[in-house]
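Data first, discussion second: the structure below is written as structure tokens.
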Protein chains: 2
Amino acid sequence: MKISIGIIDDHQLFLKSLVLMLHTFKKYEVVVQATNGQDLQNKMKADTSIPEIMLIDVNMPVMDGVATASWLNQHYPAMKLVALSMNDTDKTIIEMIKAGCCAYLLKDTHPNDLEKALNEIQLKGYYNADVSNINFRRLLNYEQDLIKLNEKEKTFLQLACSDLTYKQIAALMFLSERTIDGYRESLFQKLNVQSRVGMALEAIRKGFVKL
Amino acid sequence: MKISIGIIDDHQLFLKSLVLMLHTFKKYEVVVQATNGQDLQNKMKADTSIPEIMLIDVNMPVMDGVATASWLNQHYPAMKLVALSMNDTDKTIIEMIKAGCCAYLLKDTHPNDLEKALNEIQLKGYYNADVSNINFRRLLNYEQDLIKLNEKEKTFLQLACSDLTYKQIAALMFLSERTIDGYRESLFQKLNVQSRVGMALEAIRKGFVKL
DNA sequence: TACCAACAGGGGAAATTTCCCGTATGAAAA
DNA sequence: TTTTCATACGGGAAATTTCCCCTGTTGGTA
């Protein structure tokens, strides 16, 4: 009896290629393919075949990796979720783990390592990726230097990443310039920067603000 | 006689999977695989098998897609170069074409389309990707709104994307604050922004400065 | 030779950002 | 009930950014 696998990735070429690759691993069989979380939900409804292991790409349109992993974790708690990503700098690593993934693999891992990882997941229920691949120190330190922002701060940060002056931002948020000043100071401290430019850049790096 | 193909992609999993996929296309055969331009150069030196078509990933460490395509175009002018990328918003599309690529494919194209594209490239020497896949308007307008920066401006822009003050930047560039002021004004105009924050953000969006 | 375009720089001023100081209010905790 | 804490706000000032106007040099080029 082969072990059933599901794959979710928005890149058709990668998705289909990976399916081919998994078929060369004699023990495994791909039973579900989807290009995003939404797509998967539809296919899981229609099709009754529930894979034992699900490979999930982190970056996807429509319904991303974290949301998909959370959903799967809730509806199919027994399913082993594996996150697939391009770059380990991504702050979503920890979020994928929190969302219920038992393994994290980079797309530049060797096929042999993928097979090994799958075996280990099947056997032990989890897989610790190669230390050389993922920056574990960052991962472990992540929680403690995880910066928490409240809604107002997030709104302010979003608006600060633009050509707007603080006065304009204050007007948009229906707050006094002084109050905005307080948020700025708080963000400077949390992000460890000395200027608005630094703040904007750091906001993007940390993923608080997109593009 | 099969048509020989080369593939360059830093993601092992994708690379190897793609090789498998190409082997399912009966007419094609992968003769060279590399994880970046540098790697390819070494392999091309050692190995005498020169592929007719080369698939090149745009985003790679060490030696990126554009540099690799240029090098191949110079040293193997007869080789048909195909750019592979994740996102069509990338400004490197036009650069890949300029570097000598005769086709541009997104990684979320369907395998069937890849095969069609390869056939067409083999036949006609080039391939026009599906209009629905690539934003051609952007591509066509690209040249005219391509922003040209001289070296000093690039250096300044890079330094401006930080916590540094203009005074500090001036010192680092061995220029007067007034001169820096001129560069700032020039960049504001070219990037169509009103503030340093906007400039930094736009610099990142346009790819002049890496995150 | 005179003109033009580019680059480098100076003085000054208004707008904005950054950083002090301190106050008030309401909710939660001691 | 007093204390603590988070949030909202104000005045003022220094630093920085932004925007004017104007000078000089250099290297083509008409």
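Throughout, a chain's letter reflects where its sequence line sits, starting with A, and its residues are numbered from 1.
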OP1 or OP2 of [N] under 4.0 Å from side-chain N/O of [X]:
X: Ser176(A); N: dA8(D); answer: no
X: Arg196(B); N: dT17(D); answer: yes
X: Tyr183(A); N: dT7(D); answer: no
X: Tyr166(B); N: dT18(D); answer: yes

Cation over ring, [X] on [Y], under 6.0 Å and within 45°?
X: Arg196(B); Y: Tyr166(B); answer: yes
X: Lys154(A); Y: Phe208(A); answer: no
X: Lys107(A); Y: Phe14(A); answer: yes

Just by distance, with hydrogens left out, do [X] and [Y] show a side-chain donor and acceptor under 3.5 Å apart?
X: Asn119(B); Y: Tyr28(B); result: yes
X: Gln33(B); Y: Lys43(B); result: no
X: Gln12(A); Y: Thr109(B); result: no
X: Lys210(A); Y: Gln158(A); result: no
X: Gln194(B); Y: Asp163(A); result: yes

How many Å lie between [atom1] on [X] and [atom2] on [N], as a whole number?
X: Lys167(B); N: dG9(C); atom1: NZ; atom2: P; result: 16 Å
X: Arg184(B); N: dC7(C); atom1: CZ; atom2: P; result: 17 Å
X: Leu187(B); N: dT18(D); atom1: CG; atom2: C1'; result: 14 Å
X: Glu177(B); N: dC19(D); atom1: CD; atom2: C1'; result: 15 Å
X: Met199(B); N: dT18(D); atom1: CE; atom2: C1'; result: 11 Å
X: Ile180(A); N: dT7(D); atom1: CD1; atom2: P; result: 14 Å
X: Gln168(B); N: dA15(D); atom1: CD; atom2: C1'; result: 12 Å
X: Arg178(B); N: dA13(C); atom1: CZ; atom2: P; result: 12 Å

Minimal non-hydrogen separation, Ser195(A) against Phe188(A), with atom names: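 Looks like C-CZ, 3.3 Å.
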DNA chain C: 5'-proximal contact among Asp181(B) and Phe174(B) (nearest heavy atom):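 So the residue in question is Phe174(B).
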Heavy-atom neighbours of Asn192(A) CG exceed 12 at 6.0 Å: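 Incorrect, the count does not exceed 12.
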Close residues, residues 149-165 of chain B, relative to DNA chain C [heavy-atom separation under 4.0 Å]: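 Of all residues in residues 149-165 of chain B, the ones placing a heavy atom under 4.0 Å from DNA chain C are Asn150(B), Lys152(B).
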DNA chain C-proximal residues of residues 188-195 of chain A, any heavy atom under 4.0 Å: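 DNA chain C contact set from residues 188-195 of chain A: Phe188(A), Ser195(A).
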Qualifying residue, where the test is side-chain contact (heavy atoms from CB on, under 4.5 Å) with Ile8(B) and the options are Leu15(B), Leu72(B), Leu84(B):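 Among Leu15(B), Leu72(B), Leu84(B), the one that satisfies the side-chain contact (heavy atoms from CB on, under 4.5 Å) with Ile8(B) is Leu72(B).
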With 3.5 Å as the limit, what N/O pairs link the protein to nucleotides 22-27 of chain D?
none

Leu159(B) side, atom CG; Thr165(B) side, atom OG1 - distance, nearest 0.5 Å: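 It is 11.0 Å, given to the nearest 0.5 Å.
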